[in-house]
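Residue numbers start from 1 in every chain, and the chains themselves are labelled A, B, ... in the order their sequence lines are given, proteins ahead of strands.
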There are 2 protein chains.
Amino acid sequence: MESKQLGHVQLLIMQVLWHRDRATAREITDAINGTEPIAHSTVQTMLRVLEDKMAVAHEPQGRTFVFFPLVTESEFRQSATQDFVERIFGGSASGLVAHLLKSDSVSSGEIAAIRRLIEQQAADSSGRNKNRRNES
Amino acid sequence: MESKQLGHVQLLIMQVLWHRDRATAREITDAINGTEPIAHSTVQTMLRVLEDKMAVAHEPQGRTFVFFPLVTESEFRQSATQDFVERIFGGSASGLVAHLLKSDSVSSGEIAAIRRLIEQQAADSSGRNKNRRNES
DNA sequence: TGATTAGATTTAGTCAGTTAAACGACAGGT
DNA sequence: ACCTGTCGTTTAACTGACTAAATCTAATCA
């Protein structure tokens, strides 16, 4: 279960696909070129690599290919986060959060948002034996 | 500010150094070999690379070198976390925490620990209005 | 039809990380 | 003085992530 990791360009491609659900190589290239320069052939090469990794697949549409993700962003974040916590914080998720809270590079707004999340979570778990109600 | 990122072996080496403060190449090799096989010369090569990156430095001691870290674990975690949040969660630290809280792979014990951290933080910041207070 | 265009594929080269053998220097023991 | 083990250095090879030109292929246009 190794090498699930994506390189920079690979991640950019996946992000475009997650955002649009499906896209041609050309559309992906154009989308990326909106923020940073990349050659079309590079994108195509990386799409092939991503296909080998089973992160995306393609389907002919007219005379071109349409690519779509095989992995959801949430799934990817899941394994990327697990990897990261394992590597950098020895598996301690709370160690990571402690670091975030101490960190000057996390804005006070973000910290407030984090606190809200925790309170939310606390509220949820107090009434968790029943099936949970969602109020938007 | 270029590639501050460390490879797998590089990280193992740094972890040994953070743990012991100073160590010879041989000691590092032995420490790593406690958990996974690595050739001594590989460690030496990586130490050279880490030295180029200014992550470690060495000092002659007797007729061998003693290596020591130039970067603290905390500093490293700082930049690694910042990078990670930027790449995977689009810069949103709260997005990361939200993910951790939802994640099945984080134990309830860890989640409780995280909640405790937040409460702690809240207590801290109530007595901290000297530096700056947030708008909440 | 022949030229242009646009997509897909092949090929090739860089760079970082890793791996480790080979090599040279030198202290300590015999 | 010589052998040997340990040390650091040099060199080489291999992989994965990129990068992109060159090339092939099929459709479209003048």
Side-chain angles (χ1 to χ4, degrees), chain A residues 1-16 22-33 35-68 71 76 79-80 83 87-88, chain B residues 1-17 22-33 35-68 71 76 79-80 83-84 87-88:
Chain A
M1 14 189 171
E2 58 277 8
S3 86
K4 217 51 180 185
Q5 245 138 234
L6 303 183
H8 177 60
V9 174
Q10 294 176 5
L11 184 54
L12 289 177
I13 291 173
M14 293 308 292
Q15 282 167 345
V16 172
R22 344 170 24 88
T24 64
R26 174 61 59 189
E27 288 169 337
I28 295 170
T29 302
D30 292 345
I32 294 177
N33 270 318
T35 56
E36 58 186 279
I38 185 96
H40 183 51
S41 50
T42 302
V43 172
Q44 286 178 314
T45 304
M46 285 300 106
L47 279 168
R48 181 108 30 92
V49 172
L50 287 169
E51 209 152 12
D52 288 348
K53 290 189 189 179
M54 297 200 294
V56 307
H58 74 266
E59 206 172 57
Q61 181 165 88
R63 59 196 161 77
T64 184
F65 290 164
V66 182
F67 293 83
F68 51 90
V71 183
F76 170 73
S79 69
D83 253 40
R87 268 198 181 346
I88 311 298
Chain B
M1 311 212 208
E2 57 288 359
S3 69
K4 217 53 182 182
Q5 237 128 256
L6 304 182
H8 176 60
V9 174
Q10 295 175 5
L11 184 55
L12 289 177
I13 291 173
M14 292 308 292
Q15 283 168 343
V16 172
L17 287 177
R22 4 177 60 237
T24 65
R26 173 61 58 189
E27 288 169 338
I28 295 170
T29 301
D30 292 345
I32 294 176
N33 269 317
T35 56
E36 59 186 276
I38 185 95
H40 182 51
S41 50
T42 302
V43 171
Q44 290 183 128
T45 304
M46 286 299 106
L47 279 168
R48 181 107 30 89
V49 173
L50 288 169
E51 209 151 10
D52 289 347
K53 290 190 189 178
M54 296 200 294
V56 307
H58 73 266
E59 204 172 58
Q61 180 164 89
R63 58 194 155 75
T64 185
F65 291 164
V66 183
F67 293 84
F68 50 90
V71 183
F76 170 73
S79 69
D83 255 38
F84 177 77
R87 288 167 60 79
I88 310 299

**Student:** Using a 4.0 Å heavy-atom cut-off across all strands, classify His8(A) as base, sugar-phosphate, or nothing.
**Tutor:** sugar-phosphate
**Student:** Out of curiosity, His58(B) NE2 to Thr24(B) OG1, how far, rounded to the nearest 0.5 Å?
**Tutor:** 13.0 Å
**Student:** Of the listed nucleotides (dT19(D), dG17(C), dA27(D)), which one gets closest to any side-chain atom of Gln10(B)?
**Tutor:** dG17(C)
**Student:** Could one point to a donor on the side chain of Thr64(A) or the base of dA8(C) with an acceptor on the other under 3.5 Å away?
**Tutor:** no
**Student:** Is Arg48(A) touching bases, backbone alone, or none of the nucleic acid, heavy atoms closer than 4.0 Å?
**Tutor:** base
**Student:** Can you pull out how bent the helix from dT1(C)-dA30(D) to dT30(C)-dA1(D) is, comparing the axes over its first five and last five pairs, to 10°?
**Tutor:** 30°
**Student:** Quick one: is dT9(D) close enough that its OP1 or OP2 comes under 4.0 Å of any side-chain N or O from Gln44(B)?
**Tutor:** no
**Student:** Rounded off to whole Å, could you give me the CE-to-C1' distance for the Met14(B) and dG17(C) pair?
**Tutor:** 16 Å
**Student:** Can you find a side chain N or O atom of Ser41(A) that sits less than 4.0 Å from OP1 or OP2 on dA8(C)?
**Tutor:** no
**Student:** Could you please name the option among dA17(D), dA20(D), dA20(C) that lies closest to any side-chain atom of Thr45(A)?
**Tutor:** dA20(D)
**Student:** In this structure, how many angstroms lie between the P atom of dA17(D) and the CD atom of Gln5(A), rounded?
**Tutor:** 9 Å
**Student:** Under 4.0 Å, heavy atoms only, any strand: does Thr42(B) hit a base, just the sugar-phosphate, or nothing?
**Tutor:** base
**Student:** So which atom in Gln5(A) and which in Gln10(A) form the shortest heavy-atom distance, rounded to 0.1 Å?
**Tutor:** O-OE1, 4.2 Å
**Student:** Please check the phosphate of dG7(C) (OP1 and OP2 only) for any side-chain N or O of Arg26(A) closer than 4.0 Å.
**Tutor:** yes
**Student:** Just how far is it from atom CG of Leu6(A) to atom CD1 of Ile88(B), taken to the nearest 0.5 Å?
**Tutor:** 7.5 Å
